[in-house]
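The structure under discussion appears below in the form of structure tokens.
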Amino acid sequence: MKIMFFSLKQQVHYKAMLLALLLVSFTLSSRPVMSLVPNQRNDQCGTSQIPFPFHLNISCPSISTAFHLSCLNSTTLYLHIGFKTYRVLDFFSDGVLVDFPGTTGCRQYNDLNAFGFTKNDHFGISGDNVLGLYDCEDSSLCKAACETNDLPGCDGNNGGSLGCCYPLSDHSIWHFGDGFSFFSKFGCRGFTSWVVSRGTNTGKRGVKLEWAIPRNIPDRICANNADMVNATTIEAGVRCLCKDGFVGDGFAKGAGCIKSCIKEGKEAYGKECDRPKHSHKKLVILAGVLAPIFILVSLFLFLCLLKRPVKPGSFQLDQARYNSTLSFRKGCRTRLFSYRELDEATRAFEDSQMLVNDKNGTIHAGILSDGSHIAVQKVQCETERDLINVLSRIELISSVVHRNLARLVGCCIESGSTLLVVYEYPANGTLEKHLQYSRGQKFVLDWYKRLRIATEIASILAYMQYEIAPPIFHHGLKSSNYVFLDVDFSVKVSGFVLLSSGCGDGHNNYENDVYDFGLLLLEIISGTKYTDMPTVALEKIKSGKLEEIVDPSLYYHEQPITRREKIDIVADIATRCLLFGADDKIGMIDVAKELVHIAKEGNKKGPEFEETFSNSSLLQMISMSPDSIHVP
């Protein structure tokens with residue numbers, strides 16, 4: 001007697017019944033967005049809640065009296081630093097926005113000495129501030145790039161053209177620890193300030209002060225389920241950040257960190273994330289009622305299918321799915337999507353949503369019904385062996401936890417011979433989009449953002465090759481569309497090869513990634529890509545004309561010599577990747593170490609890169625925490 005396995009349509013219904021009993025809830029590793037957490041005493045000034053570590057009651061300091069505020073007429077908050085009093089305009093998770101001391105109204109420009117701030121162990125002037133400088137005799141400090149920001153005037157409308165614009169994040173002239181009076185040496189007579197948060201180009205008037213806790217205080221600083229991160233502008237200063245899956249202020253003396261989850265399609269916190277006992281009982285009862293029905297229906301379908309004829313010699317991909325159901329459940333351990341969900345999310349996979357189309361498959365951007373942004377990779381599985389290989393690779397990749405690896409959200413197997421793999425798609429989109437924006441002057445991706453991005457890409461590639469067994473190679477990183485950027489411009493790499501086109505060997509795989517990374521480095525430096533870019537770029541670099549291929553928005557000739565030297569060194573690394581990657585004379589581990597070293601140079605006052613992933617000495621140099629990376 002010959003047996004014919006289920007057809008595709010029957011498999012869909014069969015799997016739906018099976019998954020109704022077997023599917024379990026999954027958790028999201030991304031950190032939910034939550035408003036600033038009020039301090040533990042719920043201090044308020046009028047309708048304004050005060051976040052930790054700031055407080056009103058001086059007899060009950062949160063951590064230090066440095067964070068004491070006063071509330072005037074139940075409407076206005078003031079921060080006291082030394083002998084100066086600053087009106088509080090807004091709070092951030094890492095800082096506080098304040099007005100100039102002693103001002104009663106908005107002034108277009110203020111005297112360079114008017115702010116009167118001296119850095120201390122708890123506060124420092126943030127690099128997120130953008131300055132408009134008035135009547136400067138030396139215009140060499142002015143940066144045209146920051147003039148693209150939307151900086152409101154006193155009336156709330158656009159402030160118009162600035163005489164001289166300087167972002168404190170530039171660091172080429174002003175450095176952390178300097179005051180605003182520093183600009184008097186350029187003959188400037190006054191200034192105003194806006195805070196421009198990372199990932200945006202909209203400013204808000206005022207001066208942002210970063211806050212931190214001294215690392216050496218005797219009391220415990222961070223709560224359970226929180227990481228300690230280094231401050232940017234305050235030497236030996238730290239803050240606490242809740243781990244993935246938790247929200248809160250992260251401090252032991254604050255609200256700490258509470259569990260966060262998605263429950264019934266909505267965010268839930270704390271005890272709401274724990275399944276109530278009565279729900280478990282209902283599930284047991286429901287399973288008990290449905291199990292006999294399920295068995296009878298399955299038996300009936302099975303007997304019906306036994307009577308169907310078999311076409312000799314034919315391979316049924318449905319059979320592969322049937323045999324691989326358990327493998328699929330093991331491989332796709334997160335969310336099982338329906339094809340309809342992903343079809344709607346990607347607008348029927350229309351071309352305008354396509355991010356990538358190459359040998360690794362296609363990737364389309366999409367938005368789920370709950371507003372979540374996703375990227376969907378299509379992988380063709382023509383044989384049972386293809387399907388099994390892809391499932392094994394998905395299982396391996398989904399088990400990797402690395403901050404620069406795009407999180408695998410889920411899968412779909414309801415689309416014929418195509419397997420759909422769903423990744424997170426962060427808020428800032430692809431690296432290619434921002435490189436194009438930089439050339440168009442819509443948004444400038446400055447050199448240090450590019451250096452950090454390149455370093456993080458090299459880090460994740462080296463990690464996947466040297467720390468994971470068996471190694472995982474990308475085979476397609478020549479496209480910057482595989483590199484996603486989150487709200488802080490931290491890298492999330494997607495699109496690792498799920499189905500190899502041939503056996504090959506480890507060295508060839510390794511070399512391909514090194515060569516592809518060389519191409520990507522050239523794209524990061526030049527801000528563009530074209531067919532003969534390697535040939536043209538190598539000729540320019542060889543003849544000492546690197547500046548002719550550097551992205552014009554980087555203003556290569558206007559950069560200080562130390563920064564130009566770094567661009568030159570990164571271009572040299574790209575050259576070696578292209579020339580020697582195929583000969584196994586340079587590997588991703590070597591590239592990653594060099595880039596980390598470059599990023600750390602000139603960073604003597606900043607925190608060191610921290611090892612956070614592995615105890616392997618091989619990768620101590622390339623395991624990085626975005627919150628601990630500080631580049632000038």
Side-chain angles (χ1 to χ4, degrees), residues 45 50 53-56 58 61 64-73 75-92 94-137 141 151-154 159 162-171 173-196 203-214 231-237 605:
C45 181
I50 300 173
F54 297 94
H55 57 275
L56 289 177
I58 198 168
S64 168
T65 55
F67 300 107
H68 174 248
L69 303 175
S70 58
C71 178
L72 180 64
N73 298 327
T75 57
T76 309
L77 285 167
Y78 289 93
L79 173 66
H80 311 278
I81 303 177
F83 296 103
K84 295 286 186 179
T85 298
Y86 301 87
R87 182 166 63 97
V88 175
L89 303 176
D90 202 358
F91 292 102
F92 300 90
D94 62 343
V96 57
L97 185 66
V98 299
D99 201 353
F100 286 80
T103 57
T104 56
C106 179
R107 299 177 60 182
Q108 193 65 28
Y109 288 101
N110 298 273
D111 184 82
L112 290 173
N113 297 309
F115 195 66
F117 173 81
T118 303
K119 75 166 188 174
N120 53 56
D121 291 340
H122 296 88
F123 294 97
I125 296 175
S126 171
D128 292 341
N129 292 300
V130 172
L131 305 186
L133 296 164
Y134 171 66
D135 199 19
C136 298
E137 296 175 2
L141 81 162
L151 306 175
C154 283
L162 298 176
C164 178
C165 180
Y166 183 82
L168 296 188
S169 59
D170 179 75
H171 305 305
I173 296 172
W174 183 92
H175 299 90
F176 292 131
D178 294 336
F180 295 120
S181 59
F182 168 86
F183 294 99
S184 62
K185 65 174 64 177
F186 295 90
C188 302
R189 296 175 56 191
F191 80 109
T192 191
S193 173
W194 297 265
V195 59
V196 180
K204 187 172 183 178
R205 292 183 69 91
V207 177
K208 180 181 177 181
L209 299 177
E210 182 183 17
W211 63 263
I213 308 297
T232 305
T233 64
I234 306 163
E235 192 171 355
K605 295 182 180 180

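No experiment lies behind these values; they were computed from the predicted model shown.
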**Prompt:** So which heavy atom on Thr192 is nearest to which on Tyr109, and how close?
**Reply:** N-CD2, 4.0 Å
**Item:** Nearest non-hydrogen partners of Lys208 and Asn129, listed with the distance
**Value:** N-OD1, 2.8 Å
**Request:** Over 60° means perpendicular and under 30° means parallel, so classify the ring planes of His68 and His55, tilted if in between.
**Result:** tilted
**Prompt:** Yes or no on side-chain contact (heavy atoms from CB on, under 4.5 Å) for Phe92 and Val195, after CA distance, side-chain angles and deciding distance?
**Reply:** CA-CA 11 Å; Phe92 300 90; Val195 59; 4.0 Å; yes
**Item:** Among Val96, Thr76, Leu97, Leu209, side chain to side chain contact (heavy atoms under 4.5 Å, CB included) partner for Val88
**Value:** Val96
**Request:** Provide the closest heavy-atom pair for Ala231 versus Ala212 in the form atom of the first, atom of the second, distance.
**Result:** CB-CB, 3.7 Å
**Message:** Less than 6.0 angstrom separating the ring centers of Phe54 and Phe91, yes or no?
**Reply:** yes
**Fill in**
Taken to the nearest 0.5 Å, the spacing of Lys185 NZ from Ile173 CD1 works out to 10.0 Å
**Prompt:** Would you say the side chain of Phe117 lies within less than 4.5 Å of the side chain of Pro101, judging by non-hydrogen atoms?
**Reply:** no
**Request:** Apply the test side-chain contact (heavy atoms from CB on, under 4.5 Å) to residues Ile50 and Phe67: give CA-CA distance (whole Å), side-chain angles for both, the deciding distance (0.1 Å), then the verdict.
**Result:** CA-CA 11 Å; Ile50 300 173; Phe67 300 107; over 6 Å; no
**Reported OG-to-CG distance for the pair Ser184 and Leu133, which is rounded to 0.5 angstrom** = 11.0 Å
**Request:** With sequence neighbours left out, write down each residue that passes side-chain contact (heavy atoms from CB on, under 4.5 Å) with Ser70, or none if nothing qualifies.
**Result:** Tyr78, His80
**Message:** For Asp99, is there an ion pair with Arg205 - N to carboxylate O distance below 4.0 angstrom?
**Reply:** no
**Asked** CG/Leu77 to CG/Asp90 distance, rounded to the nearest 0.5 angstrom?
**Response** 11.0 Å
**Item:** Non-hydrogen side-chain atoms of Ser64 and Ile213 separated by less than 4.5 Å
**Value:** no
**Prompt:** Under 4.5 Å between any side-chain heavy atoms of Leu168 and Phe180, yes or no?
**Reply:** yes
**Asked** Is a side-chain N or O of Asp170 found less than 3.5 angstrom from the main chain of Pro167, in a donor-acceptor match?
**Response** no
**Request:** Evaluate the criterion disulfide (SG to SG under 2.5 Å) for residue pair Cys136 and Cys188; output intermediate values, then yes/no.
**Result:** CA-CA 4 Å; Cys136 298; Cys188 302; 2.0 Å; yes
**Request:** Measure the OG1-NZ distance between Thr233 and Lys119 for me, rounded to the nearest 0.5 Å.
**Result:** 8.5 Å
**Message:** Ring-plane angle category for Trp174 and Phe176, please: parallel below 30°, perpendicular beyond 60°, tilted otherwise.
**Reply:** perpendicular
**Prompt:** How about Leu151 and Val196: do any of their side-chain heavy atoms sit closer than 4.5 Å?
**Reply:** yes
**Prompt:** Tell me, do Cys164 and Phe186 make a side-chain contact under 4.5 Å, heavy atoms counted?
**Reply:** no
**Prompt:** What about Tyr86 and Phe115, are their ring centers closer than 6.0 Å?
**Reply:** yes
**Message:** Would you say the rings of Phe183 and Tyr166 are close, in the sense that their centroids are separated by under 6.0 Å?
**Reply:** yes
